[in-house]
There are 2 protein chains.
Amino acid sequence: MTTLNDCRAMDADDPLRQLRDLFTLPEGVTYLDGNSLGPLPRATAARVAKAIESEWGEGLIRSWNSAGWFELPRRVGDRIAAWIGAGEGEVVATDTTSINLYKVLSAALSIQAEDAPGKRVVLSERSNFPTDLYIAQALCEDRGFTLKLLEPEQIEGELAKGEAAVLMLTHVNYRTGAMHDMAALTALAHRHGALAVWDLAHSVGAVPVDLRGAQADFAVGCGYKYLNGGPGAPAFAWVNSRHADRFRQPLAGWWGHAAPFEFTPEYRPAPGIVRYLCGTQPVLSLTALDCGLDAIDTSRAAGGMAALRRKSLALTDLFIALAEERCAGHGLSLVTPRDHARRGSQVCLSRTEGAYAIVQALIARGVIGDFRAPDILRFGFTPLYLRFEDVWNAAEHLREVLQDGEWRRPEFNRQHAVT
Amino acid sequence: MTTLNDCRAMDADDPLRQLRDLFTLPEGVTYLDGNSLGPLPRATAARVAKAIESEWGEGLIRSWNSAGWFELPRRVGDRIAAWIGAGEGEVVATDTTSINLYKVLSAALSIQAEDAPGKRVVLSERSNFPTDLYIAQALCEDRGFTLKLLEPEQIEGELAKGEAAVLMLTHVNYRTGAMHDMAALTALAHRHGALAVWDLAHSVGAVPVDLRGAQADFAVGCGYKYLNGGPGAPAFAWVNSRHADRFRQPLAGWWGHAAPFEFTPEYRPAPGIVRYLCGTQPVLSLTALDCGLDAIDTSRAAGGMAALRRKSLALTDLFIALAEERCAGHGLSLVTPRDHARRGSQVCLSRTEGAYAIVQALIARGVIGDFRAPDILRFGFTPLYLRFEDVWNAAEHLREVLQDGEWRRPEFNRQHAVT
């Protein structure tokens, strides 16, 4: 049996332990929701204040050039590239994940309509994050494609039929924490003539991602989860350089123009990823995302993604072990794969009764996780700032909430919007 | 001849003079570019700091509900509605102007494809802001429409042909400051079976706008110009309630879903304007936009839009008079209409030689205006914070730059990106 002292010993041995000091974490809170909204880096408030008071207040319009605002989507994009196995000049930080998915999926469909006009199906997972499915559904209807939703085990068989133009998947599933094998599935898609579009929302900054190594075609991802860019921070888009100049995406705004300040009435797409920009970007939110990247970049000195991944698996292994040891007999089932190769940076448990209320009772105790309908308790474990002792505390609170039936209290059973 | 003392007397009589104190304006700067990027309201830095430190830092994920983040696009939209003659629940503040135009123009084309399938032309102005034309061009190509670019005087004749599905115009032209008669052109479009889509980027907060009164169909606009929402602040979209529930727009992300937190794989659009939302919005930038609206809302006590418009016309009248009195013989021509009914809140002058360099020389003197290719000097006059004395100073600097040939210096003739 694991003890609190064991957990403390693991913290003492943790090469990443000092990174926690880069973040503001409220007293009394065990934050297991960094996969929904990452916490505040200590440096962000002062940096955004400078953007407001000096760059905007003093520099005014001149700051588009002098403070580098106009370059931010590309500069921040290059920083993200380093965490997803992409090259310089291949990523832009911009807009939202949904909108970026619209852009890249649209480009993928255009390519396939030309290269493989007989393929009219887009494959995805039924349990993919819904906004990805909504965007794909709308695009498929507009372009005469069919969106086919699958269980993970059906993907290979469907690809083998040779009808799929695009395989669109989220690398780590938001509900289950299950991780796809990006390289294997991309290779399989290519073998059957499909392009592979990846959503990295729950993987960037949390698990190793190697888009070029996997020879993926397109990717999008989120800035406000494991990148700690702040609420609604801009998202990003990546396009494999073999496709980059081939199609213009339909959100063809002036920031994606080859010469936006010529103000010509005809659109001429910029080369490469820049054509995936559209309108003027929210500089304050992009500045906060830049600070989030400062925080994760600091981990490089302590081993970078290899060290983060090692700790992430140790944290999730520990939580699974503690939940099984200490909450046995309370009707919890493990949803997240035990296999390290198939696990993201979160642990999901399910319970047929009371999952929502249990999450509320935990939140009331300062252990912030997430409920995901209909029966999932979701706990994100971010190696940048969580301690093994936090894992112990979370499991202990879970045990107490279950053991004493605390979750049955009426105040924990009133449903309301949960993000 | 107008004198500096006349200008000071006008300032002393100005019922809006105290609103200037709501803004941070750098010492030594005469800011005539608020139509490109509005200046910093004094209250913004503290409000955004609170959003960062308290709402994000302490509240974390809970702030989506407890701090009202999730409601921000609708709440801020309602505040904008009051400045454009729209009703409550009819506007959302979200994404960028380009992206919102894509949404509403797409909806307009869908409506017309059903109601008037023979009409396959979208009309716009050749000198419309280019990003609007790029977005329309891409949508027209995808949907089998033709984008036809006109000079303003051709609009009536083209509409009379009965081929136009949509008339898409920017209310106040970014290059010339000329303002269209929204009510008359909308009525004309309707008479010929076309829908009217308006871009309010250079009018919202600066001139009276009455979308409902004009019976317009769709509108979009910008948060970072006369609304002073900060660099790249989110834009907005309005849909006439008679169209609101009729079509889903293609950027069908989860924030536009009727029940986003049910996480169902099928998209079910929310009623009304909410379906024009797509992905998670940049909260810090939306918060700054909220502060910009606080500033302009303060003008209500001193007369609101009627008073702002009165002063705006007095400022632009004064600048035209001073430029003509004091810069006569220097080759400047007035581009902006003299007719009040056709003038926005800016004055544009043209000069066949040296327009770019003259603007640079003025900027070096602290008079910040804009150059617009190939020959336009653009000066925005924002009644919220500008004084009549500022207009005098601007005209005097212009006179000196021209009279002494200062603009010919090499340092003012090196072209670089200007936003």
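Here is the naming used below: chain letters follow the sequence lines, and residue numbers restart at 1 for every chain.
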Honestly, the part of A:A49 sitting under 4.5 Å from a heavy atom of chain B is neither
Counting only non-hydrogen atoms closer than 4.5 Å, does A:N228 touch chain B with its backbone (N, CA, C, O), its side chain (CB onward), both, or neither? backbone
Measure across B:W56 and A:G38 and return the closest heavy-atom pair with its distance rounded to 0.1 Å. NE1-O, 2.9 Å
Using non-hydrogen atoms only, which part of A:S127 is less than 4.5 Å away from chain B: side chain, backbone, both, or neither? neither
Plane angle bin for A:W254 and B:F129 - parallel if under 30°, tilted between 30 and 60°, otherwise perpendicular: perpendicular
Between A:R248 and chain B, which part of the residue has a heavy atom less than 4.5 Å away: side chain, backbone, both or neither? side chain
If you measure from NZ on B:K103 to CD1 on A:I99, what distance do you get to the nearest 0.5 Å? 5.5 Å
In chain order, what residues pass the ring-ring contact (aromatic ring centres under 6.0 Å, His included) check against A:Y31, with sequence neighbours excluded? none
Given that the side chain runs from C-beta out, which part of A:F23 has a heavy atom under 4.5 Å from chain B: side chain, backbone, both or neither? neither
For A:E53 and B:A45, the nearest pair of non-hydrogen atoms, with its separation, is OE2-CB, 3.3 Å
Pairwise distance CG(A:D33) to CD1(B:I61) - rounded to 0.5 angstrom: 5.0 Å
dist B:E266:CD -> A:L149:CG (nearest 0.5 Å) comes out at 7.5 Å
Taking B:P231, B:G253, B:A288, B:G279 one by one, which has the highest count of heavy-atom pairs under 4.5 Å against chain A? B:P231
Are B:Y102 and A:Y102 an aromatic pair by the rule of ring centers under 6.0 Å? yes
Part of B:R62 lying under 4.5 Å from any heavy atom of chain A: side chain
Determine the option with the most heavy-atom pairs under 4.5 angstrom with chain A, choosing from B:A259, B:G57, B:A51, B:G229. B:G57
Does the side chain of B:D142 come within less than 4.5 Å of A:D142's, by heavy atoms? no
Between A:T287, A:T24, A:L60, A:T97, which residue shows the highest count of heavy-atom pairs closer than 4.5 Å to chain B? A:L60
Taking the side chain as every heavy atom from C-beta outward, state whether A:W255 and B:S98 have any pair of such atoms under 4.5 Å apart. no
Value for CZ (B:F263) from CG (A:L133), rounded to nearest 0.5 Å, stands at 12.5 Å
From the list B:P41, B:A138, B:A235, B:A252, the residue making the most non-hydrogen contacts under 4.5 Å with chain A is B:A252
Measure distances from A:P234 to the heavy atoms of chain B and classify the residue's part below 4.5 Å as side chain, backbone, both or neither. neither
Closest non-hydrogen atom pair, B:S285 against A:P282: OG-CB, 3.2 Å
Applying salt bridge (charged side-chain N to carboxylate O under 4.0 Å, His left out), name anything that partners A:R42, two or more places apart in sequence or on another chain. none
For the OH atom of A:Y134 and the CZ atom of B:R268, what is their distance to the nearest 0.5 Å? 8.5 Å
Option that, when pairs with chain B are counted at under 4.5 Å, heavy atom only, ranks first among A:A373, A:A233, A:G230: A:G230
Contacting moiety of A:I135, where chain B heavy atoms sit under 4.5 Å: both
Heavy atoms, side chains only, cut-off 4.5 Å: are A:P130 and B:T264 in contact? no
Result for side-chain contact (heavy atoms from CB on, under 4.5 Å) between B:T96 and one of A:T94, A:T280, A:L277, A:D95 points to A:D95
Most contact-rich option vs chain B, by heavy-atom pairs under 4.5 angstrom, among A:P39, A:G256, A:G34, is A:P39
